[in-house]
K.L.:
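Can you read through this structure? Questions will come right after.
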There are 2 protein chains.
Amino acid sequence: MANKNFTTLFSESLDQSDLSAKQQAVLRASLELFSQKGFDRTSTRDIADRAAVSEGTVYKQFKTKDGILKAILEPFIHQVLPKAVTEFMVDMAQNATPTIDEFLEKAVKNRMKFALDNRQQLRILLQEITRNANLVSLIGKEAANIINSPLGNVIRKYQEDGQLVRWPLQRIIQYISGTVLTYLLPKVLAGGELDIDQASKETVEFVMHGLKPAK
Amino acid sequence: MANKNFTTLFSESLDQSDLSAKQQAVLRASLELFSQKGFDRTSTRDIADRAAVSEGTVYKQFKTKDGILKAILEPFIHQVLPKAVTEFMVDMAQNATPTIDEFLEKAVKNRMKFALDNRQQLRILLQEITRNANLVSLIGKEAANIINSPLGNVIRKYQEDGQLVRWPLQRIIQYISGTVLTYLLPKVLAGGELDIDQASKETVEFVMHGLKPAK
DNA sequence: TAATAATGAGTGAGTGGTCACTTATTAAAT
DNA sequence: ATTTAATAAGTGACCACTCACTCATTATTA
């Protein structure tokens with residue numbers, strides 16, 4: 001499962017960018033501070049100090065404090081996230097298993113790992129989402145892409161097999177995501193370790209069979 | 001279903017409190033502004049203006065800006081939420097239905113209505129949760145109380161009836177909450193209307209039977 | 001009852017401090 | 001030598017919070 005995490009992808013895109021070492025340090029420092037203290041409670045002074053750089057240097061490249069936030073979140077939403085989704089979908093499509101339970105457990109495990117590898121960035125995103133309503137719809141649109149993708153086809157195959165209810169994919173993904181989030185959100189927000197194997201097993205157990213007792 | 005919404009309860013507790021009309025206006029103004037702009041982006045000047053009151057008046061009662069936030073969130077978490085849960089449980093115990101599906105649909109509908117009636121307060125709570133990790137565990141503890149309560153017994157009865165898997169109640173509630181949240185969160189954060197009847201029907205359909213097709 | 005005193009909510013002009021952002025100056029790179 | 005990067009000392013706006021004072025109401029006194 002060759003999924004790269006965001007930190008890696010972020011570093012790569014930093015290298016590719018024509019930003020100087022110091023400007024890259026600014027972004028890395030901002031990433032840490034925004035995640036730890038939140039955007040509003042991080043001062044540009046804090047950022048400059050953490051990056052071991054003067055405040056003027058911060059403003060040379062990023063004209064405003066919001067510009068720094070954009071420089072972090074926009075690549076995440078428009079490049080890293082789609083790229084990660086694509087890699088994931090290809091992976092999954094190739095690893096399609098005969099039973100959906102097996103497939104789902106792999107997929108869930110994969111996504112949980114990705115999320116935990118990227119707590120920092122997700123924390124910033126969550127903070128922004130609660131303040132910026134249109135981020136919600138933006139991410140919703142990115143999620144909608146799954147439906148028109150190899151992964152969508154894999155899932156549809158299970159429907160045709162009779163292994164999966166014939167609900168709209170959007171609805172199915174909504175429920176799976178929601179269940180996965182009940183395990184992830186507390187860990188992303190409050191920290192602590194998650195037993196991914198256990199959590200993904202439990203998730204599939206519920207998501208597939210619901211709360212009716214097995215006969 | 002006599003469940004009062006939070007706005008009512010909030011107003012009631014304001015009336016009961018020995019706060020003067022102006023101090024009540026401060027809290028009401030803060031509630032609106034914190035919800036709209038977020039705590040950090042609301043100044044005490046903003047609050048005073050919106051409440052048509054001097055800044056000194058704001059600080060006469062609430063010694064700090066954080067004090068205002070506490071005055072809004074603490075009653076919500078420690079009085080309003082438990083009170084709402086209690087009323088809800090009593091309601092439910094009285095209306096306990098023979099099948100769990102019916103029961104669940106009522107319960108889910110009830111909770112969705114409560115949440116939508118109180119978007120403002122929930123938005124503030126969500127904003128704070130992303131910054132204040134220990135709020136997560138605090139709310140988790142409140143949720144745990146449900147388990148040791150009449151509602152817990154109602155649910156346990158369905159387990160003994162063989163209508164509900166014998167998982168720990170905490171796990172069952174986790175999944176139901178997660179699924180409900182997939183409908184609620186977008187609406188609370190981004191606005192828009194929710195067809196509660198439809199949503200609660202769909203929720204129960206999934207939560208009870210999962211994604212395996214009915215034979 | 002009339003005059004006076006005490007009370008406390010309310011006021012708004014400060015106050016010190018922080019913040020995002022600028023600019024004059026210096027160092028480095030080409 | 002000239003352009004570019006980096007610095008660090010500003011700068012004004014704004015912020016949370018304070019305080020000396022007002023004034024309407026209530027309690028006390030005569």
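The chains referred to below are lettered A, B, ... by the order of the sequence lines, with proteins before strands, and numbering in each begins at 1.
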K.L.:
Would you indicate whether the side-chain heavy atoms of A:Leu125 and A:Ile77 approach each other to under 4.5 Å?
P.N.:
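Contact flag for A:Ile77/A:Leu125 side chains = yes.
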K.L.:
Mind listing the N/O atom pairs, protein and nucleotides 15-17 of chain C, below 3.5 Å?
P.N.:
none

K.L.:
Select one nucleotide: of C:dA20, D:dA6, C:dG10, the one nearest the side-chain heavy atoms of B:Gln23.
P.N.:
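Selected nucleotide (nearest to the side chain): C:dG10.
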K.L.:
B:Ser54 side chain: which of D:dA6, C:dA9, C:dT11 is closest?
P.N.:
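Selected nucleotide: C:dT11.
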K.L.:
When you look at NZ of A:Lys109, are more than 12 heavy atoms from neighbouring residues, nucleotides or ligands closer to it than 6.0 Å?
P.N.:
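Yes, NZ of A:Lys109 has more than 12 neighbouring heavy atoms, counting only those of other groups under 6.0 Å.
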K.L.:
Looking only at non-hydrogen atoms, find the nearest pair between A:Thr64 and A:Tyr59 and report the distance.
P.N.:
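Result for this residue pair: CA-CE2, 4.0 Å.
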K.L.:
Verify the distance criterion only: is there a donor paired with an acceptor across the side chains of A:Gln198 and A:Glu202 at less than 3.5 Å?
P.N.:
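Checked: A:Gln198/A:Glu202 side chains pair up, N/O donor to acceptor below 3.5 Å.
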K.L.:
Can you tell which of D:dT7, C:dG10, D:dA16 lies closest to the side chain of A:Val53?
P.N.:
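Nearest nucleotide to the side chain: D:dT7.
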K.L.:
Can you tell me how the ring of A:Tyr158 sits relative to the ring of A:Phe103, calling it parallel under 30°, perpendicular over 60° and tilted otherwise?
P.N.:
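It falls in the tilted class, 30° to 60°.
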K.L.:
Please list, in numerical order, the residues of residues 55-69 of chain B that have a heavy atom closer than 4.0 Å to any atom of DNA chain D.
P.N.:
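Of all residues in residues 55-69 of chain B, the ones placing a heavy atom under 4.0 Å from DNA chain D are B:Glu55, B:Tyr59, B:Thr64, B:Lys65.
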K.L.:
Any residue in residues 33-42 of chain B with a heavy atom nearer than 4.0 angstrom to DNA chain D? Just list them by number, or reply none.
P.N.:
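Correct list: B:Thr42.
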K.L.:
In plain terms, say whether B:Asp66 and B:Lys70 are close enough for a salt bridge, that is, a side-chain N and a carboxylate O under 4.0 Å apart.
P.N.:
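No salt bridge links B:Asp66 with B:Lys70.
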K.L.:
What's the CG-C1' distance between A:Asp46 and C:dC21, to the nearest Å?
P.N.:
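So the CG-C1' distance, A:Asp46 to C:dC21, works out to 15 Å.
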K.L.:
With no hydrogens and no angle check, is any side-chain donor or acceptor of A:Arg111 less than 3.5 Å from a backbone partner on A:Ala107?
P.N.:
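It does not hold such a pair.
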K.L.:
Between B:Asp46 and B:Ser43, does any side-chain donor sit less than 3.5 Å from a side-chain acceptor?
P.N.:
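Yes.
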